[in-house]
Each structure stands twice: as structure tokens, then as C-alpha cells.
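For reference, the structure discussed in these notes is given below.
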Amino acid sequence: MKKVIIKDLMGNEISWMKSEDPTFSISECVASNVWGLPERPELDAEGNPTGNTIPAEYTVEITDISAEYALEECISKRKSEYPSAEEFLNAFFDGGEQALAALQAKRLAVKAKYPKP
């Protein structure tokens with residue numbers, strides 16, 4: 001998973017996205033000048049290249065967030081299967097040690113099912 005941050009020339013974030021492969025999205029936006037003009041050759045009065053390059057009006061930063069994304073996904077899956085707060089309270093106040101032990105076993109099974117990356 002990649003996080004793409006687009007910044008203007010002042011360093012202000014103007015756009016961002018998360019994607020497995022942002023290449024197509026980035027090239028579509030660059031072709032459409034969504035973020036401003038891309039890097040381009042400088043032209044003289046007759047339209048001939050001067051040999052200089054005019055910088056882009058934006059920067060593109062691509063960061064690999066695979067590890068963070070995998071951890072978020074793991075935590076989300078665990079939360080959806082962990083015993084609820086209500087189950088815990090019932091076990092704590094009404095169920096005794098056996099109920100708490102069963103609840104802990106359920107939590108450990110979920111942790112084993114979704115180990116942290």
C-alpha cells in the first residue's frame with residue numbers, strides 16, 4: 001500500500017491518496033494538470049527549447065505504508081472478533097473465574113488468528 005502526498009511549491013499539502021499502485025492515478029492527474037503544470041522545457045519567444053527546464057508547480061511524495069496498513073487491518077479484524085465490553089462485564093461481575101478464563105481464551109484465540117505483522 002502506498003500513500004501519495006501532493007504538495008504545492010510552498011510545501012502545502014494539496015492532495016493525497018492511498019492505493020496499492022498509484023501510478024495510473026498519478027499519470028492521469030499529471031496529464032490533466034490537476035495539480036498545476038508539470039516539469040517542462042523552457043521555450044524562447046519562437047517556441048524553441050532553450051535547454052533550461054521549468055520546474056513543476058507541485059511535488060509528488062510516495063511513501064510505502066504497507067506495514068502501517070497491515071497493522072491497522074490486523075487491529076480492525078481483532079476488534080471485530082474480540083468479546084464485547086458487555087461480555088466482559090457479565091463475566092467479571094456474574095461469571096466468576098471460569099467465565100473470565102473463557103473470555104481470556106477467546107481473546108487469545110483471536111490474537112492467534114490475527115497475529116501482528
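Heavy atoms only: backbone and side chains are in, while hydrogens, waters and symmetry mates are out. Counting begins at 1 with the first residue of the sequence.
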Sub-3.5 Å donor-acceptor pair from the side chain of [X] to the main-chain atoms of [Y], do we have one?
X   : Y   : result
T50 : N52 : yes
S19 : D21 : yes
S27 : F24 : yes
S76 : E72 : no

Check: [Y] and [X] side chains under 4.5 Å, non-hydrogen atoms:
X   : Y   : result
M17 : S25 : yes
K18 : I65 : yes
T53 : E39 : yes

message = Can you confirm whether E13 is buried at CD, in the sense that more than 12 heavy atoms of other residues, nucleotides or ligands lie under 6.0 Å from that atom?
response =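 It does: E13 CD has more than 12 such atoms within range.
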Please tell me whether [X] and [Y] are part of a single hydrophobic cluster in this structure, the criterion being side-chain heavy atoms less than 4.5 Å apart.
X   : Y   : answer
V4  : L9  : no
I5  : V34 : no
I75 : F88 : no

message = If the threshold is 4.0 Å, N to carboxylate O, is there a salt bridge linking K2 and E20?
response =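 No, this pair does not count.
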Atom [atom1] of [X] and atom [atom2] of [Y]: how far apart are they, to the nearest 0.5 Å?
X   : Y    : atom1 : atom2 : result
D64 : M1   : CG    : CE    : 10.0 Å
Y82 : L103 : OH    : CG    : 11.5 Å
S15 : W35  : OG    : CH2   : 6.0 Å
T63 : K3   : OG1   : NZ    : 7.5 Å
F92 : D94  : CZ    : CG    : 11.0 Å
I6  : I26  : CD1   : CD1   : 6.0 Å

task = Applying side chain to side chain contact (heavy atoms under 4.5 Å, CB included), run through N33 and Y58 and close with a yes or a no.
result = CA-CA 10 Å; N33 295 330; Y58 55 87; over 6 Å; no
key: Pairing residues for N48 by the side-chain hydrogen bond (donor to acceptor under 3.5 Å, both in side chains) criterion, not counting sequence neighbours   =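 If we apply the side-chain hydrogen bond (donor to acceptor under 3.5 Å, both in side chains) test to N48, skipping adjacent residues, there are no hits.
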N/O donor to acceptor pairs below 3.5 angstrom from side-chain atoms of residues 106-117, sequence neighbours left out:
residue, atom, partner, partner atom, Å
K106, NZ, E87, OE2, 3.1
R107, NH1, Q104, OE1, 2.8
K113, NZ, E81, OE1, 3.2
K113, NZ, E81, OE2, 3.2
Y114, OH, E81, OE2, 2.6

task = Can you see which heavy atom on V30 is nearest to which on P38, and at what distance?
result =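 Closest approach of V30 to P38: CG1-CB, 4.0 Å.
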